[in-house]
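Start at 1 and go down the list; that is how both ligands and their atoms are numbered. The shown structure was predicted, so the numbers you read here are calculated from the model rather than taken from an experiment.
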Amino acid sequence: MTARAGIIWTLLLIVAGFFSLAFIFYTLFPGQVPANAWQYFTPGEVERARRYQQIMRLAGILAFLAQTALLVWLVSSTRAAAWSDGVLRLTGGRYYPALIIYFILVWLLLKIIGLPFNFYSSFIVQHQWGFSTQSLASWWLDYLKGSALDLVLSGAGVILLFLATGRWPHTWWAAAGLFLSGWLFVATFLWPLVVAPLFNRFQPVTEGPVPTIVTRLADRAGLKIDQILVMDASRRTTKANAYFTGLGATKRIVLYDTLLAYPPDEIEAVVAHEIAHWQRGHITRGLLWGILANFLLLGLLYAVLKLTFTYEIARPGPYPPHLLVAMLLFLQLVSFLGQPVQNVISRRYETEADRVALELIGNPRAMINLQVDLARKNLGDIAPPPFIEWLTSSHPSALARIQAAEAYSRGQ
Ligand SMILES: [Zn+2]
């Protein structure tokens, strides 16, 4: 490892450590919520939501730290390289079988370390707080299906990536960036058709107030919207939500069935928000940001690997399997540190969608009631500490969204 590589890795670890400590500090000591919160929420509600968020945040950051610690240990000790030699001996020096075994080994270790945190936050806590409607068997089925999908897709990705390092030892990152960009479009297009149905059932909404709401709002937004589906979310949770997904012909708005119990004007506010994402092309714009980020990330990855493993990379043929661990560590750290950028873009889109939604429905009161109801029932942190919001919030806080609706109402 060159001295420069040492400095880069040390810096990455120090900043990630600092972010993690600050995250834990503000999770434990979130401070006061702004005074205007009391207009909408009782101290008991705020306290309860904060306690729930505290638990979820701690489980999340501890899982991240545990997995990062494993990767740091593998990279910094000689383990990663020793295992790589071991599997190569096992396969009689055949590279690709060795790479596959090595990948599965590292993948399994990360999975095993993450499992207790995952189980705790998505099963135990969800039951303790009265959200989960899922049996243990059904949770495991989800977990196994999700893991199998992840194993196959990331396994294929790793094989292609290492193939590319053999073919283009110094420009593989550009090839990988191009491939990943294409894949992002394909995956976004196919996700609602192939992946989502593995976990839920989707049905067009034909009854209740929704069809009329959609026709009216789509008309106002100047869109033709034929895909509004209801998802059987209640088989897992009592939480309510909605999302906009897909690309081109697979574009659709999905409402949780748990949302249908809400008052019609609040459902209208939700649908208007999702239609606003649709009208403003937020998925396509998000994809373009994603592509930019991919090239940047892969280019940086190559630069860091070149400084760290100068000798291994100079040899002909694909990179040795143990570079996988350093790649994973780098991506883990950089995507953790890159969250503020990703979230600032996401929050901007969400703010824009709320504003367009207000224009579409012309009813700020409904939007305010919706935010209050969602925060109450989903135990959302209505005003997270600024550092936590900056680092991890993909949406503006409930209080910020309420204030935006109030401002709109004053300007009407
Ligand atoms: Zn949104």
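When distances to the Zn ion (ligand 1) are checked against a cut-off of 2.8 Å, Glu350 contributes an N, O or S atom below that limit. Inclusion of His277 in the first shell of the Zn ion (ligand 1) is supported: an N, O or S atom falls under 2.8 Å. At least one N, O or S atom of His273, from either the backbone or the side chain, sits less than 2.8 Å from the Zn ion (ligand 1).
Under the rule for a side-chain hydrogen bond (donor to acceptor under 3.5 Å, both in side chains), the partners of Ser147 that lie at least two apart in sequence or sit in another chain are Lys111.
Remark: aromatic rings of Phe387 and Phe23 are distant, center separation not under 6.0 Å.
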Donor-acceptor list for residues 150-162 side chains, cut-off 3.5 Å, not counting sequence neighbours:
from   : atom 1 : to     : atom 2 : distance (Å)
Asp150 : OD1    : Ser154 : OG     : 3.4
Asp150 : OD2    : Trp107 : NE1    : 2.9
Ser154 : OG     : Asp150 : O      : 2.4

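A cation-pi contact, defined as under 6.0 Å to the ring centre and within 45° of the axis, links Lys377 to Tyr262.
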